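Predicted, not measured: the structure shown is a model, and the values here were computed from it. Sequence positions, counted from 1, serve as the residue numbers for this chain.
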Amino acid sequence: MSRAHAESVIKNIISEIAQECAVRGHVVSETLVAFTVKAVVLDPRNGFNVDRLLTKQDVQKLVELCLEKLMEQCSPSLDTIKMQVYFDMNYTSRPALQSVFPQMELGAFMVLLKRDKEQQLNELSMLVTGIQLFNKASKKESEETDIHELMPAILNEALPVTSKSIEHELSVSQTLAWKYTAVLEKLTDPDSQPGECDVPVVLLKQALYNIRQHEVFLKMLLADACLCAKHVESLQSELSSKVKLLKETVQSKTAVPTARVFPLFKSLSKVWSGLKDEAELLNILNNLMHNLQPFIASQAKIFSEAYLDGLLEESEVKTDEQRMTESSDERIVPSEMKTQEWLLPETTANFNELSLQYNGVCGYTLVNSDGLLLPGNPHIGIFKHKEKLYVFRSKEAALKFASSPGDFIAEVAEKAKHSPELIQLLKLHQQFSCVSPYAEMQPGERLLVKPITKCESGTQTDIHPVETNIVKSYEWNEWELRRKAIKLADLLTKVTHSAQTDLSHMRRENVTQTWLPKNAACQSKRDGESNVPKPQIYLAGLRGQRDGNMVKTNLTRSVDE
């Protein structure tokens, strides 16, 4: 099965579950359904695994389990998952312009057309806003202007309320979390009597996870609100200076060049718009805080404060700060553990800004106390294992965890499989890329498609790979092609190997190249003297006569001629 086919099957399952929930009167988002499907598959008690394709029986079983989980009434675990999905879909960090453009409006924004006049209208709007602010500030006869009067009305309403409201909600959630923790510590204590363990411990843990997740989200909102307040303070100071500069520029002049005053109006409008954006951000944070309330209703309905107080009896409820103080004297000595790496505040830069595993929760306590969440104390010492950092509630817990970290990390993952809300609460997303081996098929099950078999294989990449589509018979040289053509023709064995036929007469293109004769020249020697006549002497009467007279004739020319 291809990846695209597998994704299509999962989408169909998610769509089917969402439609069935709607038929039963519960409208759920596909994001929530997708997370529920993943949680059901991860839970080893359900016997699913991604290593093998789902059968028809598996799909039917998966749909039924997901519907059962999504239709639960008054479930703290389901409420925690719903809260996580809602917060992730509606909250973004401050630099994402959430204050001026909420994420829920993205769909409507994408269908709009871009107008050519948008930039011009924006500048005109800034100018008008700056002029109105200046006129409002100029109504006061005194030089000092009350900046609070120029502030956006929504900011004056939201600024003092938002932070206090979030702090109040956070205080309530932390108090509940400390009570749940104290109750679970008492019930999971090995020295407790068997008769005292008739309380639903599983529901208590789910309620603890629910309220701890609410606490984490409220801390994020409070941090944004505090940062927003600091930004408002700096913008107020900048607004005051801009108004003062404008007054000094304009004063009582009847006419001021636009090149001087328009940039000041724009900058004033920009600062005021920044204040308005901060007001919108505060309003969004306040709405997020109120919208998180329904997701903690189930635990409050199951366990009232009176019921928790009854379980506590005279047990001490410790705050997170008290637990930190109690363990502050315990310190890890790195020199005694040379095989392990520990980080201490004295030797580590930016110690308080380190990213801690399990969201700062003690992993040893989570495993040893059957899912109890207790914050770790970084000042005891931070254990570094495979580039990840872990903190612990005590030195003893740190040493035991460090003795076999792999086992404890695997146990924490198993806890998260049974309680899927821990995946996000403890930030364990990266640990669930694979699942334990799939159980053997039960009789009667049959696969939807043939499973993909696996085997161990290895490949080696060539340093200089050679292309396999190279045509070795290719020849680029035209004369070489002609030579091969003549060779293929084999004219020596043909009847017309030395003469052209009527069909081939004048068909061949003949080209010759000649060289013009070279102009040759020589130079002979010339003498300046005159030549003497050549001697010419003839003898006559010598042939046939022994005793005859010989006649000598001298024909040499005279020198004087």
Side-chain angles (χ1 to χ4, degrees), residues 1-50 52-92 102-111 206 209-210 213-214 217 287-288 290-299 301 416-425 428-429 432-433 435 438 445 447-449:
M1 179 184 291
S2 64
R3 182 179 182 87
H5 187 198
E7 291 179 354
S8 177
V9 172
I10 295 298
K11 287 182 179 179
N12 291 336
I13 293 175
I14 293 173
S15 178
E16 179 183 351
I17 295 173
Q19 291 177 2
E20 184 63 26
C21 288
V23 170
R24 299 186 184 186
H26 286 73
V27 179
V28 294
S29 65
E30 290 192 355
T31 307
L32 177 60
V33 176
F35 185 86
T36 305
V37 170
K38 180 180 180 180
V40 170
V41 172
L42 285 174
D43 195 335
R45 295 172 296 185
N46 297 328
F48 292 104
N49 187 275
V50 295
R52 202 206 69 182
L53 299 177
L54 297 175
T55 64
K56 291 184 177 180
Q57 292 82 0
D58 289 337
V59 173
Q60 183 179 0
K61 179 182 177 182
L62 176 60
V63 172
E64 292 176 355
L65 289 174
C66 291
L67 288 173
E68 181 182 352
K69 191 169 185 63
L70 288 169
M71 302 298 292
E72 286 182 357
Q73 299 292 333
C74 199
S75 171
S77 177
L78 181 60
D79 280 354
T80 304
I81 296 174
K82 288 181 178 179
M83 176 167 51
Q84 292 169 347
V85 172
Y86 168 79
F87 197 81
D88 286 344
M89 294 295 293
N90 291 273
Y91 175 82
T92 55
Q103 194 171 0
M104 61 185 65
E105 297 181 7
L106 183 61
F109 173 78
M110 294 300 293
V111 299
Q206 292 180 2
Y209 301 158
N210 179 264
Q213 184 66 81
H214 188 240
F217 289 155
N287 290 337
L288 280 174
H290 288 296
N291 292 337
L292 290 178
Q293 286 292 330
F295 301 114
I296 60 173
S298 59
Q299 58 84 20
K301 187 180 298 184
K417 291 178 183 178
H418 290 79
S419 302
E421 61 267 31
L422 290 177
I423 295 176
Q424 178 163 337
L425 179 57
L428 301 175
H429 303 87
F432 291 99
S433 58
V435 199
Y438 194 88
E445 293 185 343
L447 293 171
L448 296 175
V449 294

Taking all non-hydrogen atoms of both residues, which atom of [X] and which atom of [Y] are closest, and how far apart?
{"X": "Q213", "Y": "T80", "value": "CB-CG2, 4.0 Å"}
{"X": "P294", "Y": "D79", "value": "O-OD2, 4.3 Å"}
{"X": "P420", "Y": "F35", "value": "O-CZ, 3.7 Å"}
{"X": "F295", "Y": "N210", "value": "O-ND2, 3.0 Å"}
{"X": "N46", "Y": "V40", "value": "ND2-O, 2.9 Å"}
{"X": "C66", "Y": "I17", "value": "CB-CD1, 3.6 Å"}

Residue pair [X] / [Y], side-chain heavy-atom distance below 4.5 Å:
{"X": "V63", "Y": "E16", "value": "yes"}
{"X": "E421", "Y": "M83", "value": "no"}
{"X": "Y86", "Y": "L32", "value": "no"}
{"X": "I423", "Y": "L42", "value": "yes"}
{"X": "P44", "Y": "H418", "value": "yes"}
{"X": "S298", "Y": "K82", "value": "no"}
{"X": "S15", "Y": "Q19", "value": "yes"}

[atom2] on [Y] to [atom1] on [X], rounded to 0.5 Å:
{"X": "F87", "Y": "L292", "atom1": "CZ", "atom2": "CG", "answer": "6.5 Å"}
{"X": "K417", "Y": "S419", "atom1": "NZ", "atom2": "OG", "answer": "13.0 Å"}
{"X": "Q60", "Y": "L65", "atom1": "CD", "atom2": "CG", "answer": "10.5 Å"}
{"X": "T31", "Y": "Q84", "atom1": "OG1", "atom2": "CD", "answer": "13.0 Å"}
{"X": "H214", "Y": "L425", "atom1": "NE2", "atom2": "CG", "answer": "13.0 Å"}
{"X": "K69", "Y": "S75", "atom1": "NZ", "atom2": "OG", "answer": "6.0 Å"}

Exercise for the section: List the steps and the verdict of side chain to side chain contact (heavy atoms under 4.5 Å, CB included) for L70 and H26. Expected result: CA-CA 9 Å; L70 288 169; H26 286 73; over 6 Å; no
Handout entry: Residues, nucleotides or ligands: over 12 heavy atoms within 6.0 Å of Q293 CD
Key =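 Yes - once you tally the heavy atoms of other residues, nucleotides and ligands closer than 6.0 Å, there are more than 12.
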